S.K.: 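I am attaching a structure below and will ask some questions about it afterwards.
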Amino acid sequence: MKIIDKKTIAEYLNTSITNFSIEELESLIEIPPQNINYSYAFPVYRLAKFEKKAPNLIAEDLKEKLVLPEYLDEIEAKGPYLNFRVNTFTILNNIYELNQDYGKIREITEKGRFNPLKIVIEYPAPNTNKPLHLGHVRNMLLGNSLSQILAYKGHEVFQVNLNNDRGIHICKSMLAYKKWGNNEEPKERKSDHFVGDYYIKYSQKEEEDENLIDEAMDLLKLWEEGDPNTRALWKKMNSWAIKGFEETYKKFGISFDKEYFESDFYLKGKNKIIGGLEEGIFEKKDDGAIIVRLNEGYNLPDKVLLRSDGTSIYITQDIYLAYLKKEDFDYDESIYVVGNEQDLYFKQLFAVLEIIGFKEQKYHLSYGMISLPEGKMKSREGTVIDADDIIEQMNNLAYKEVNKRYPSLDKGKKNKRAEIIGMAALRFFILKFNPKSDFVFNPKESISFEGETGPYIQYCYARIESIINKSNEKIDLNINFKLLNHEKELILIKQLNYFPEIIDIVVKTYGIHLIPQYLLSLCQEFNSFYGSCQVISEDKDLERARLLLIKCVQIVIKIGLNLLGIETLEEM
RNA sequence: AGGGGCGUAGCCGAGGGGAUAAGGCGGCGGACUUCUAAUCCGCAGAUCGUAGGUUCAAGUCCUACCGUCCCUACCA
């Protein structure tokens with residue numbers, strides 16, 4: 001077993017090229033365009049300075065000088081490029097031997113150098129006055145998928161949630177329920193939606209009656225004073241909201257190691273701030289508010305940490321929560337999955353934490369907003385894509401498709417299959433975009449099972465399964481690797497080799513979309529191979545070679561999909 | 001107004017300074033008596049927002065401008 005990546009090639013080249021270090025060489029090595037059947041390329045331009053020759057001559061000379069190692073099938077000098085093709089046996093052997101661990105080949109082959117970390121991931125931090133919407137869906141899918149990727153890589157991951165369960169927005173839905181709810185219970189209505197209905201009700205009524213906000217403020221005051229009736233109502237409505245959230249989390253396969261509640265500690269952050277004031281790290285303004293100066297050293301706007309009336313604001317609690325999470329999990333790194341509208345806020349939070357000596361590794365996984373063709377989603381106006389609705393729509397559409405293909409299938413099986421396909425479509429659709437970019441969700445056009453979709457990847461997996469089932473040959477490594485020399489096969493093998501590198505880049509850059517993008521390329525290449533190469537054949541040696549190849553494709557698809565939280569299907 | 005992000009075909013969108021700028025949707029034309037057509041093959045469609053600059057090489061780096069979104073709360 002041997003990992004072949006840019007670093008391997010760099011180390012190899014370093015034996016002949018002495019003007020550059022291994023690291024420099026590694027950064028120069030690139031992956032050739034799709035239509036070139038070589039795994040890695042080294043452009044020789046940079047050597048021209050030393051060699052004083054035309055690049056194409058340098059490449060040719062270098063090729064002559066290099067001795068082909070056992071893990072390379074071929075080196076080609078083409079124009080100013082030196083191209084390397086990794087040995088087919090090495091790649092397929094790695095995959096077949098490691099199976100579901102293939103993405104961890106580096107950790108496995110370099111055991112002593114891997115340092116597992118304790119990582120806390122906080123998401124999706126909902127407000128308990130309304131149900132989860134499409135923005136939360138993106139948040140949950142990113143948070144959950146990143147958790148799985150890091151855990152796959154051997155880190156100890158703790159998923160935690162912060163419930164924003166107090167404040168004026170909560171009191172708004174409480175007030176509406178008090179005034180117009182007639183003490184009703186959710187019953188058939190999903191309980192978080194039931195709560196959300198009152199939030200919308202409040203917003204509608206507020207337009208007619210501008211004094212309504214004063215009543216909500218009064219309710220907030222009562223809540224803060226601990227008025228028993230208000231607290232009882234709050235408790236009841238919050239439990240409805242949270243119960244509803246839990247049902248939704250379950251659909252996404254999310255479970256938390258710990259749930260935090262803002263109401264438990266919103267009063268507790270003050271000590272840290274007052275301590276900082278006493279140490280002279282923070283300043284008290286004339287009106288009594290405590291602020292931190294961030295312009296020097298951080299080039300950020302100053303930030304209020306405690307109101308002039310001594311009450312805490314969001315950052316007060318977030319500072320406290322950082323310590324609390326450290327106490328609970330003794331983590332090495334803390335990741336916050338929060339939308340990019342809070343980029344500045346997180347820069348400020350991390351700066352303050354650093355100033356007060358809380359030096360643990362922190363990362364804000366920032367993602368772009370989802371909007372609708374009509375514009376921004378607004379819960380208050382009810383113009384949101386609801387998380388539960390979108391799941392149901394996906395399931396229904398998947399059911400129709402399953403039903404069309406397998407009308408005689410047992411209803412329970414149809415449902416189960418539709419659920420897996422529908423969820424794959426949703427997850428893949430959201431995760432295939434670069435997390436950083438905003439995107440417009442067009443409900444009419446976005447829901448599709450054709451083209452670049454989750455079902456497309458699942459279909460590819462099922463097709464392979466079907467071939468394997470039809471063949472009578474055994475799959476093992478005892479094949480003639482030279483038989484895999486069709487253009488489509490070489491492209492597929494080349495792509496398979498990149499997978500562990502892709503996972504490494506995802507972990508380093510948090511670019512989760514690279515996994516869906518990779519899977520799309522792999523499956524497109526497989527389907528193209530499928531169109532021009534028959535696996536089951538009279539030529540049993542060829543059949544066995546191709547079976548191993550497609551088995552390896554299947555293994556990689558499964559790892560990739562599982563990292564995205566998507567299940568595979570053996571038939572569809 | 002200041003700060004940050006983004007601008008790639010009709011639409012969506014990948015691009016780790018280097019080879020002819022992926023792929024999907026939509027459009028047009030083909031392929032199921034052959035391993036699952038949720039598929040594949042072919043065609044059409046891009047002065048990569050504009051103008052400069054750095055470099056042997058720029059969609060990618062720098063500057064300015066234009067457009068767009070977000071932030072600039074003692075809200076969360």
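Proteins get letters first, then strands, A, B, ... in listed order; numbering begins at 1 in each. Quick caveat, the model's predicted, so the values are computed rather than measured.
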S.K.: Which nucleotide in the set B/C35, B/C71, B/G13 lies at the smallest distance from any side-chain heavy atom of A/Glu341?
M.R.: B/C71
S.K.: Using the C1' atom as the point on both nucleotides, what is the distance between B/G7 and B/U50, in whole Å?
M.R.: 11 Å
S.K.: If you measure from the P atom in B/U60 to the same atom in B/U54, how many Å do you get, rounded?
M.R.: 15 Å
S.K.: Taking the nucleotide of RNA chain B with the nearest heavy atom to each, does A/Lys6 or A/Leu306 sit closer to the 5' end?
M.R.: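 Taking each residue's closest nucleotide, the earlier one in sequence belongs to A/Lys6.
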S.K.: Do the rings of A/Trp234 and A/Trp223 sit parallel, tilted or perpendicular, given the 30° and 60° boundaries?
M.R.: perpendicular
S.K.: On a whole-Å scale, what distance lies between the P atoms belonging to B/A44 and B/A22?
M.R.: 14 Å
S.K.: Quantified in whole Å, what is the P atom distance between nucleotide B/A51 and nucleotide B/G13?
M.R.: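 These two P atoms come out 24 Å apart once rounded.
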S.K.: NA contact type, A/Asn35, heavy-atom cut-off 4.0 Å: base, sugar-phosphate, or nothing?
M.R.: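 Touches a base.
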S.K.: In whole angstrom, give the distance that lies between atom CG of A/Leu520 and atom P of B/C12.
M.R.: 18 Å
S.K.: Among residues at least two apart in sequence or on other chains, which ones pass side-chain hydrogen bond (donor to acceptor under 3.5 Å, both in side chains) with A/Lys63?
M.R.: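 In terms of side-chain hydrogen bond (donor to acceptor under 3.5 Å, both in side chains), with neighbours along the sequence ignored, A/Lys63 is linked to no residue.
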S.K.: Take atom CG of A/Asp165 and atom P of B/A76, then tell me their distance rounded to the nearest Å.
M.R.: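 Rounded to whole Å, this separation is 13 Å.
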S.K.: If you measure from the P atom in B/G23 to the same atom in B/C41, how many Å do you get, rounded?
M.R.: 10 Å
S.K.: Does a salt bridge link A/Arg417 with A/Glu571, judged by any charged N lying under 4.0 Å from a carboxylate O?
M.R.: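 A/Glu571 and A/Arg417: salt-bridged.
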S.K.: Verify whether one side chain among A/Thr568 and A/Gln458 offers a donor that lies under 3.5 Å from an acceptor in the other.
M.R.: no
S.K.: Within the 4.0 Å heavy-atom criterion, would you say A/Ala48 contacts the bases, only the backbone, or no part of the nucleic acid?
M.R.: nothing
S.K.: Would you sort out whether A/Cys523 and A/Tyr456 count as a side chain to side chain contact (heavy atoms under 4.5 Å, CB included), showing the intermediate values?
M.R.: CA-CA 8 Å; A/Cys523 290; A/Tyr456 175 87; 3.6 Å; yes
S.K.: With salt bridge (charged side-chain N to carboxylate O under 4.0 Å, His left out) as the rule and sequence neighbours excluded, what pairs involving residues 294-318 of chain A come up?
M.R.: A/Arg293-A/Asp302
S.K.: Just how far, in rounded Å, is P of B/G17 from CD of A/Glu24?
M.R.: 15 Å
S.K.: Using O4'-C1'-N9-C4 for purines and O4'-C1'-N1-C2 for pyrimidines, with syn meaning within 90° of 0, is B/C62 syn or anti?
M.R.: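 Anti.
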S.K.: Starting at the 5' end of nucleotides 36-46 of chain B, put B wherever the base has a protein heavy atom under 4.0 Å, S where only the sugar-phosphate does, and a dash everywhere else.
M.R.: BSBSSS-----
S.K.: Can you check the distance between B/C75 and B/A64, where both ends of the measurement are the C1' atom (answer in whole Å)?
M.R.: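 To the nearest whole Å, 37 Å.
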S.K.: When Watson-Crick pairs (N1 to N3 and N6-O4 or O6-N4) and G-U wobble pairs (N1-O2 and O6-N3) count only below 3.5 Å on both distances, what is the dot-bracket string of RNA chain B, with | for other-strand pairs?
M.R.: (((((((..(((.....[....))).(((((.......))))).....(((((..]....))))))))))))....
S.K.: Is the closest basic N to carboxylate O distance between A/Lys325 and A/Glu122 below 4.0 Å?
M.R.: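 Between A/Glu122 and A/Lys325 there is a salt bridge, with a charged N closer than 4.0 Å to a carboxylate O.
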S.K.: For A/Glu262, which contact category applies under a 4.0 Å heavy-atom criterion: base, sugar-phosphate, or nothing?
M.R.: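 Counting heavy atoms under 4.0 Å across all strands, the contact made by A/Glu262 is with sugar-phosphate only.
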S.K.: Does A/His513 have a side-chain nitrogen or oxygen under 4.0 Å from the phosphate oxygens OP1 or OP2 of B/G13?
M.R.: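 No, because none of the side-chain N or O atoms of A/His513 sits under 4.0 Å from OP1 or OP2 of B/G13.
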S.K.: Using a cutoff of under 3.5 Å, can you pull out all pairs of nitrogen or oxygen atoms linking the protein to nucleotides 4-6 of chain B, with atom names and distances?
M.R.:
none

S.K.: Among pairs that include at least one residue of residues 25-36 of chain A, which meet salt bridge (charged side-chain N to carboxylate O under 4.0 Å, His left out), considering only residues two or more places apart or in two chains?
M.R.: none
S.K.: Take atom CD of A/Gln34 and atom P of B/G23, then tell me their distance rounded to the nearest Å.
M.R.: 6 Å
S.K.: Starting at the 5' end of RNA chain B and moving along, which residue's nearest nucleotide shows up first, A/Tyr314 or A/Asn83?
M.R.: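 Comparing both residues, the 5'-ward one is A/Asn83.
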S.K.: For the residue pair A/Tyr336 and A/Phe346, categorise the inter-ring angle as parallel (less than 30°), tilted (30 to 60°) or perpendicular (more than 60°).
M.R.: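 It falls in the tilted class, 30° to 60°.
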S.K.: Would you please indicate if the ring centroids of A/Phe84 and A/Tyr38 are separated by under 6.0 Å?
M.R.: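 No, ring centres 6.0 Å or more apart.
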S.K.: What residues, two or more places apart in sequence or in another chain, satisfy side-chain contact (heavy atoms from CB on, under 4.5 Å) together with A/Tyr363?
M.R.: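 A/Tyr363: side-chain contact (heavy atoms from CB on, under 4.5 Å) contacts with A/Glu333, A/Ile335, A/Leu365, A/Tyr510.
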S.K.: Rounded to the Å, how far apart are A/Met369 CE and B/A76 C1'?
M.R.: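 Rounded to whole Å, this separation is 15 Å.
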S.K.: Below 3.5 Å is the cut-off: list the nitrogen or oxygen pairs between protein and nucleotides 57-63 of chain B, distance only.
M.R.:
none

S.K.: Heavy atoms only: give me the nearest A/Glu24-A/Asn19 pair and the separation to one decimal.
M.R.: OE1-O, 4.4 Å
S.K.: Starting from P on B/A76, measure out to CD on A/Gln317 and report it in whole angstrom.
M.R.: 7 Å
S.K.: So A/Pro32, base contact, sugar-phosphate only, or nothing? Heavy-atom distance under 4.0 Å.
M.R.: base
S.K.: Can you measure from CG (A/Asp264) to CG (A/Leu162) and round to the nearest 0.5 angstrom?
M.R.: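 Here the interatomic distance stands at 10.0 Å.
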S.K.: Whole angstrom is fine here: how far is it from CZ in A/Phe433 over to P in B/A14?
M.R.: 8 Å
S.K.: Taking B/G16 as the reference, what is the distance to B/C61 when you measure between their P atoms (whole Å, please)?
M.R.: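 After rounding to an integer number of Å, I get 8 Å for this pair.
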S.K.: Just to be sure I understand the rule, does A/Ile36 reach a base, reach only the sugar-phosphate, or reach nothing, if contact means heavy atoms closer than 4.0 Å?
M.R.: base
S.K.: Evaluate the ring planes of A/Phe526 and A/Tyr530, with Trp represented by its six-membered ring, and classify them as parallel (under 30°), tilted (30 to 60°) or perpendicular (over 60°).
M.R.: tilted
S.K.: So what does A/Ile505 touch, heavy atoms closer than 4.0 Å: a base, only the sugar-phosphate, or nothing?
M.R.: base
S.K.: Is the distance between the ring centroids of A/Phe449 and A/Phe428 under 6.0 Å?
M.R.: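 Between A/Phe449 and A/Phe428, which both carry aromatic rings, the centre distance is not below 6.0 Å.
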S.K.: How would you list, by chain and number, every residue that makes a salt bridge (charged side-chain N to carboxylate O under 4.0 Å, His left out) with A/Arg463, sequence neighbours excluded?
M.R.: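 For A/Arg463 there are no salt bridge (charged side-chain N to carboxylate O under 4.0 Å, His left out) partners, ignoring immediate neighbours.
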S.K.: For A/Glu224, is there an ion pair with A/Lys221 - N to carboxylate O distance below 4.0 angstrom?
M.R.: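 Not counted as a salt bridge, because no side-chain N and carboxylate O are separated by less than 4.0 Å.
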S.K.: Which part of the nucleic acid, if any, lies within reach of A/Pro33 when heavy atoms closer than 4.0 Å are counted: base, sugar-phosphate only, or nothing?
M.R.: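 Answer is base: heavy atoms of A/Pro33 come under 4.0 Å of a base.
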S.K.: From CZ of A/Phe529 over to P of B/C35, roughly how many Å is that when rounded to an integer?
M.R.: 15 Å
S.K.: Sequence neighbours left out, cut at 3.5 Å: what donor-acceptor pairs do the side chains of residues 127-140 of chain A make with other protein atoms?
M.R.:
residue  : atom : partner  : partner atom : Å
A/Thr128 : OG1  : A/Asn238 : OD1          : 2.6
A/Asn129 : ND2  : A/His169 : O            : 3.3
A/His133 : ND1  : A/Gly135 : N            : 2.9
A/His136 : ND1  : A/His133 : N            : 3.0
A/Arg138 : NH1  : A/Gly368 : O            : 2.7
A/Arg138 : NH1  : A/Ser437 : O            : 3.0
A/Arg138 : NH2  : A/Asn434 : O            : 3.1
A/Arg138 : NH2  : A/Pro435 : O            : 3.4
A/Arg138 : NH2  : A/Ser437 : O            : 3.0
A/Asn139 : ND2  : A/Val337 : O            : 3.0
A/Asn139 : ND2  : A/Tyr367 : OH           : 3.1

S.K.: Please list residues of residues 127-138 of chain A whose heavy atoms come under 4.0 Å from any atom in RNA chain B, ordered by number; otherwise none.
M.R.: A/Asn127
S.K.: Can you list every salt bridge (charged side-chain N to carboxylate O under 4.0 Å, His left out) pair that touches residues 519-539 of chain A, not counting sequence neighbours?
M.R.: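 Residue pairs passing salt bridge (charged side-chain N to carboxylate O under 4.0 Å, His left out), neighbours aside: none found.
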